[in-house]
Every structure is written in structure tokens, then in C-alpha cells.
Amino acid sequence: MTPIDAGFTTFLGLLPCEISNLRYADDTALFAKNHEEASKFIEELNQAGVSKSLKLNAKKTKYLYIGKNHQPISFEEENIEKVNTFKYLGSLKTDSGDNTNDINARIGMAKRRMQDLVNIWKDKTITLQLKIKIMKTLVWTVMTYGAEGWTIKKKQEKKINSTEMWFYRRLLRISWRERRTDKVS
């Protein structure tokens, strides 16, 4: 069985295992250790598609290379476009493995969501416990979407923590001018 045919059954087998591909709708992400393996996977993917009357379009195919000693990948005499970043299922991946842009984008989306809910935060008939549940459900999930794929540095951890405090200050309607810390006396 080829890695392309294995699909999801490899992932559901006994761990530890290597995942060679992820598929969602018509998107496929292939993971290869080297140039030869990547070329082989692309060829296998095309062959699997041909058996279902589908053909891989080299012009629409892109690849992200992480590491040194990059070699261009081609398919049917045509070079496949190399990209430095791509968005997969809403999460931004980069060739450096840096998550800063993805984390910043998630923080921005969560802050917008927090501001969209300002009428709830101002409503005095809604209990604090319910407001916190709403925040965790509607805001924090936006913030942490894709976080399982992040490698977080100290600076990013500090930014995430300060964003969480911003959420709580906003929810509690505490001005940034008020000198309150998150430290318990």
C-alpha cells in the first residue's frame, strides 16, 4: 500500500506512526522527508487520481519547503511553484516554521470577535459567569484555532497571555488606564 493509498487508515492505526498526507475536501497536503520522496508522492497522487479519471494540475500545485539544500520539484516536465507561506484550513504555515504571523492573525481575529460582542459585555442582565462562558466559546476558540501546530517562543507566549488579559479587562469593562495587574496580592 502506498502512502497515498494509506490515507486516514495510517493515522488511525497504532501510534507512533508517520503521517504522509492530510486531506480535506479537494485539498491535499503531502509530507516528505526529501526531494525524492516528494517527487514520488506527487507521482503516486497523480496515479491515484488518474484511476478515478482525475489529473493533477501542475500549474495549480504548490509546495512549501522547510530546510536547507532546496531542489525544485517538477511534474510532467513542468516546475511546481515553490511558496514561502500557505494557508491550510485557516492556519498559516511558513517555510521558516515561524508561527508569529499566524499567532498575530489569530489575535487580531479574536480581538475583532471580542469587539463584535461589546453589547453582551455591556449588558448588566447577563451574569459574569455566562459572559466568561461566552468569551471562552466565541472568542477563545477563534484565538486558539490551529494552536496545536504552533511552536511557541517566550515572546509569543507573553503576547498570548497579554491578549487573554485584554479579553478579561474588556469583558469586565476595566480601562487600560486603570493600574490593575493580574497578580494576586
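These numbers come from a predicted model, not from an experiment.
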Side chains of T141 and Y145 in contact at under 4.5 Å (non-hydrogen atoms): no
Minimum heavy-atom distance A32-E37, with the two atoms named: CA-OE1, 3.1 Å
CA sep, side-chain torsions, deciding dist, call: K82, I73, side-chain contact (heavy atoms from CB on, under 4.5 Å): CA-CA 8 Å; K82 179 187 180 300; I73 297 175; over 6 Å; no
Close side-chain approach of L56 and E76, heavy atoms under 4.5 Å: no
Check against side-chain contact (heavy atoms from CB on, under 4.5 Å), F75 and N46: CA-CA 10 Å; F75 172 70; N46 186 54; 3.3 Å; yes
From CA spacing to verdict: side-chain contact (heavy atoms from CB on, under 4.5 Å), I42, I80: CA-CA 10 Å; I42 289 171; I80 296 175; 3.6 Å; yes
Path from V118 to I174 over hydrophobic side-chain contacts below 4.5 Å: no
Approximate separation, where rounding is to 0.5 Å, of N34 CG and K40 NZ: 10.0 Å
Nearest-0.5 Å distance that lies between atom CD1 in I134 and atom NZ in K136: 13.0 Å
Interatomic spacing from OG1 in T163 to NZ in K111 - rounded to 0.5 Å: 5.0 Å
4.5 Å side-chain heavy-atom contact, N104 and K159: yes
Pairing of K87 and D102 as salt bridge, 4.0 angstrom limit: no
Atom pair CD (Q156) and OG1 (T151), whose distance is rounded to the nearest 0.5 Å: 8.5 Å
Flag if over 12 foreign heavy atoms under 6.0 Å of NZ, K33: no
Residues in salt bridge (charged side-chain N to carboxylate O under 4.0 Å, His left out) contact with D116, at least two apart in sequence or another chain: none
Note, E81 side chain near Y63 side chain (heavy atom, < 4.5 Å): no
Cluster companions of V142 among Ile, Leu, Val, Met, Phe, Trp, Tyr (side-chain spacing under 4.5 Å): M109
K59 to K62 - nearest heavy-atom pair and separation: O-NZ, 4.4 Å
Straight-line distance of E164 CD to M135 CE, nearest 0.5 Å: 6.5 Å
Under 3.5 Å, which donor-acceptor pairs link side chains of residues 119-129 to any protein atom two or more places apart or in another chain?
{"from": "W121", "atom 1": "NE1", "to": "M114", "atom 2": "O", "distance (Å)": "2.9"}
{"from": "D123", "atom 1": "OD1", "to": "T125", "atom 2": "N", "distance (Å)": "2.8"}
{"from": "D123", "atom 1": "OD1", "to": "T125", "atom 2": "OG1", "distance (Å)": "2.5"}
{"from": "D123", "atom 1": "OD2", "to": "T125", "atom 2": "OG1", "distance (Å)": "3.4"}
{"from": "T127", "atom 1": "OG1", "to": "L130", "atom 2": "N", "distance (Å)": "3.2"}

Linked, directly or transitively: L92 and I160 (ILVMFWY side chains, under 4.5 Å): no
Full working for side-chain contact (heavy atoms from CB on, under 4.5 Å) between T144 and W140: CA-CA 6 Å; T144 58; W140 197 245; 3.4 Å; yes
Side-chain heavy atoms of K93 within contact of T85, under 4.5 Å: no
Closest contact, heavy atoms only, H35 versus P72: NE2-O, 2.9 Å
Over 12 non-hydrogen atoms of neighbours within 6.0 angstrom of NZ in K158: no
Non-hydrogen atoms of L64 and V83 that approach each other most closely: CD1-O, 3.2 Å
